[in-house]
Amino acid sequence: MAAPRVRFCPAPSGWLHVGSARTALYNWLHARGRGGVFVFRIEDTDAERATTESMQGMVAAMRWLGLDWDEGPDVDGPYGPYLQSERAPLYAAVARRLLAAGVAYEAFETPEELAAERERARAEGRPPGYSGAHRELSEERRAAYRAEGRLPVLRVRTPDEGEIGFDDVVRERVTFAWRDVPDFVILRADGTATYPLANTVDDLAQGITLVARGEDLLASTPRQQHLGALLLADDGSGRSLLDAALAEVGFPARPTDWGPVAAYAHLPMMVGPDRKKLSKRHGAVAVDEFRRQGFLPEVLVNLLALCGWSYDGRTEQLSVDELVRYFSFERVGRNPALFDADKLRAFNGDAIKALPPEALADRLVPYFSAAGLVADPPGTAERELLGRLAPLLSERIQTLAEAPPLVAFCFHDEVSYDDKAVAKHLKGRAGEVLDEALPALEEVEPWNHEAILAVFDGLCEKLGLGRGKVMQPVRVAVAGTAVSPPLPETLAVLDRATVVERIRAARALVQE
RNA sequence: GCCCCCGUCAUCUAGCUGGCCUAGGAUACCGGCCUUUCAAGCCGGCGGCGCGGGUUCGAAUCCCGUCGGGGGCACCA
């Protein structure tokens, strides 16, 4: 069997959200796991909603996730263009031929009339789909409508009876009754193509073998199958209607062995905590938001993979390579998938812990820049400091964005003291502790955490205090807060002069 | 209203060609140990087959019904 060709084709409105990202991922995994081709197509046929910012955002999000494409924006490929806005001539040519062939017809109802009709149907308990009223309009009627200033849409006529079935890797055999599939619009009144047309044409023109998409598109499959058959049928010239249209507008021809879409995979809906289709009102749903919150792309990918798919039910933390090896649509379930944000955090924390310190430091850079703690790009000393902090941060953060606040005091010249920490720890014998710690730390050699710990232990013995009583005042003096990474290590990361200066300054805050 | 899908611990799920399931894993939560704060780590615990029938020696697994949830029925995709 030939290598699979799959695609991801978002409409560029808004950000790439996790539901779409999951669809993209499954397609990508399928392609990468079996030497296939991953096509990234932008479905910007709806000028009302599509924006270039959104498109750029989606491209960036895909890159960040590591989902690279073989054909698509910035990459090109043999069956482009990959922006539907640039494929308008093809859709128009196909539509003309469909009209000429008598399988599509002009319908003159206005959007308002159709909406009113839908409303009426709903109120009367009838199915709200288009009635087919303009199927057989006479030449005169059409002229009359035009004279009224009406512009027609182009609709494709669907069969009135019988049923259609297709194979779905997730849902097995799916069938629909044709009487439940109303005639559908392929060209808007302004002449632009709608999703059923553009999507069907492109899947065929780009040789897509498996269409994997959200379950919300399941019901549109019959009409796309129908249209697809129309496009691939011989138009009387010895080639298919699609091939003729392709040639007419000078688009790349299709290899002769390309057939119709062989199979579908309709993915279970991703839902929010309220069990409704996941959307912006459920909070963080944009991939970019997860990036900003400090999640590792490979972990997001891992969790996304688990939304509807599982490997064996017990192995859940999987690397991208493992996902590529193990993923298959056969193991995709049919029940709605709820994105488990808690598990994402937990897995992210695990992945951070598993990162070598230098790698973690690299990943932290953008977050420290964003927090204004280091320059962008960071200076040599800043980057070096991050490198020494990384091992201390590693086991106490779950997201990269949690790191900066934890060690901000290492980057500020002035310590900002937390009132509660001061009140709680800079009192009683704290003055005594600081007075003893100061000279000891000024002299200790070498300036490393082992020696510093020895200093504290010496103080404990001398003052007859526990480590907590000794270290907390120093911690507050140096960090300004009662919580910080382990103290000896933290002090060792800072230079001695800074530590000494801070202890001296904090001495004045101690309430005797 | 019509068509389609789904229903296992708090959450995500494995299991669903019936017995290996006194239902497994993960996350969350609770407890213990460790401990210089916060974490981390280790050990332990809590906790579920929506409901009702049926088939069967035996059902989470098959059938019927019921209830609940979701998706679709656009000149959006």
Side-chain angles (χ1 to χ4, degrees), chain A residues 9-11 13 43-46 48-50 107 109-111 114-115 118 121-130 151-155 170-171 174-177 179-182 184-196 198-199 213-220 266 268-269 271 273-277 303 306-317 333-347 349-350 353 392-398 406 421 425 453 456-457 460 466-472 474-476 479 481-488 490:
Chain A
C9 47
S13 63
E43 307 223 322
D44 55 347
T45 54
D46 184 3
E48 301 272 294
R49 309 177 190 215
E109 294 93 342
T110 64
L114 291 171
R118 263 198 302 279
R122 229 179 267 275
E124 293 168 17
R126 286 180 291 120
Y130 180 64
L151 289 174
V153 296
L154 206 60
R155 281 182 189 270
V170 176
R171 323 168 76 97
V174 180
T175 59
F176 283 93
R179 56 179 171 68
D180 294 325
V181 184
F184 57 98
V185 174
I186 56 171
L187 233 45
R188 303 187 181 91
D190 66 4
T192 58
T194 61
Y195 171 79
N199 187 72
R213 48 169 22 174
E215 181 196 295
D216 49 341
L217 261 6
L218 182 71
S220 79
H266 284 97
M269 236 49 239
V271 299
D274 58 357
R275 302 253 124 213
K276 297 238 168 74
K277 196 169 158 181
L303 262 292
L306 259 19
C307 284
W309 171 87
S310 66
Y311 172 52
D312 61 4
R314 38 181 67 231
T315 315
E316 296 191 305
Q317 300 202 6
R334 279 166 290 274
N335 26 9
L338 194 142
F339 190 69
D340 193 337
D342 278 340
K343 196 178 270 195
L344 175 69
R345 286 185 63 80
F347 282 20
D350 289 345
K353 276 190 277 297
L392 306 184
L393 257 8
S394 156
E395 66 189 20
R396 60 204 88 228
I397 54 173
Q398 284 191 301
L406 235 39
H425 298 289
L453 180 58
F456 287 128
D457 282 340
C460 289
R467 279 176 163 184
K469 286 287 182 202
V470 168
M471 295 211 197
Q472 281 307 83
V474 178
R475 187 189 309 279
V476 173
T481 58
V483 175
S484 85
L487 194 57
T490 306

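Note that the coordinates shown come from a computational prediction; the quantities given were computed from them, not determined experimentally.
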Per-nucleotide protein contact along nucleotides 30-42 of chain B, 5' to 3', at a 4.0 Å heavy-atom cut-off (B base, S sugar-phosphate only, - neither), is ------BBBBSS-
Determine the contact category for [X]: base if any of its heavy atoms lies under 4.0 Å from a base atom, sugar-phosphate if only primed atoms, P, OP1 or OP2 are that close, otherwise nothing.
X         : result
Pro127(A) : base
Asp190(A) : nothing
Val185(A) : sugar-phosphate
Glu109(A) : base
Leu217(A) : base
Arg213(A) : nothing

N/O (side chain, [X]) to phosphate O (OP1/OP2, [N]) under 4.0 Å:
X         : N      : answer
Thr45(A)  : A77(B) : yes
Arg171(A) : C6(B)  : no
Arg118(A) : C75(B) : yes
Ser310(A) : A14(B) : yes

Pair Asp342(A) + Arg345(A): basic N to acidic O under 4.0 Å: no
Pair Glu215(A) + Arg171(A): basic N to acidic O under 4.0 Å: yes
How long is the span from the [atom1] atom in [X] to the [atom2] atom in [Y], to the nearest 0.5 Å?
X         : Y         : atom1 : atom2 : result
Lys353(A) : Leu393(A) : NZ    : CG    : 12.0 Å
Gln472(A) : Arg467(A) : CD    : CZ    : 13.0 Å
Glu43(A)  : Ser13(A)  : CD    : OG    : 11.5 Å
Phe184(A) : Thr194(A) : CZ    : OG1   : 8.0 Å

Spacing of the [atom1] atoms in [M] and [N] (rounded, Å):
N      : M      : atom1 : answer
C62(B) : G19(B) : C1'   : 14 Å
G7(B)  : A14(B) : P     : 10 Å
G1(B)  : C63(B) : P     : 26 Å
G58(B) : C21(B) : C1'   : 13 Å
G31(B) : A40(B) : P     : 15 Å
C9(B)  : G50(B) : C1'   : 14 Å
C51(B) : A60(B) : P     : 11 Å
U11(B) : G47(B) : C1'   : 12 Å

Give the nucleotide from the list [options] with an atom nearest to the side chain of [X].
X         : options                : result
Glu316(A) : C75(B), C73(B), G25(B) : G25(B)
Ala219(A) : G72(B), C73(B), C76(B) : G72(B)
Ala189(A) : C6(B), U13(B), C75(B)  : C75(B)

Report the distance from atom [atom1] of [X] to atom [atom2] of [N], rounded to the nearest whole Å.
X         : N      : atom1 : atom2 : result
Leu344(A) : U13(B) : CG    : C1'   : 16 Å
Tyr130(A) : C76(B) : OH    : P     : 15 Å
Lys343(A) : A28(B) : NZ    : P     : 10 Å
Asp312(A) : A26(B) : CG    : C1'   : 11 Å
Asp216(A) : A77(B) : CG    : C1'   : 8 Å
Asn335(A) : C49(B) : CG    : P     : 17 Å
Phe347(A) : U11(B) : CZ    : P     : 18 Å
Leu114(A) : C73(B) : CG    : C1'   : 14 Å

Assess, by modelled atom type and distance only, whether the side chains of Glu316(A) and Tyr311(A) contain a donor and an acceptor separated by less than 3.5 Å. no
Just one of Pro485(A), Ser484(A), Pro486(A) clears the side chain to side chain contact (heavy atoms under 4.5 Å, CB included) bar with Arg475(A), so which one? Ser484(A)
Applying the Watson-Crick and G-U wobble criteria at under 3.5 Å, what pairs with [N]? Answer none if nothing qualifies.
N      : result
G1(B)  : C73(B)
G19(B) : C57(B)
G7(B)  : C67(B)

By nearest-heavy-atom nucleotide on RNA chain B, the more 5' of Ala337(A) and Thr315(A) is Ala337(A)
Residue mapping more 5' on RNA chain B - nearest nucleotide basis, Tyr195(A) or Leu306(A): Leu306(A)
Take Arg213(A) and His266(A) through the side-chain hydrogen bond (donor to acceptor under 3.5 Å, both in side chains) test and state the conclusion after the steps. CA-CA 5 Å; Arg213(A) 48 169 22 174; His266(A) 284 97; 3.1 Å; yes
Tyr195(A) vs Thr45(A) side-chain heavy atoms within contact, under 4.5 Å: no
Less than 3.5 Å between a donor and an acceptor, one on the side chain of Glu215(A) and one on the base of G71(B), is that the case here? no
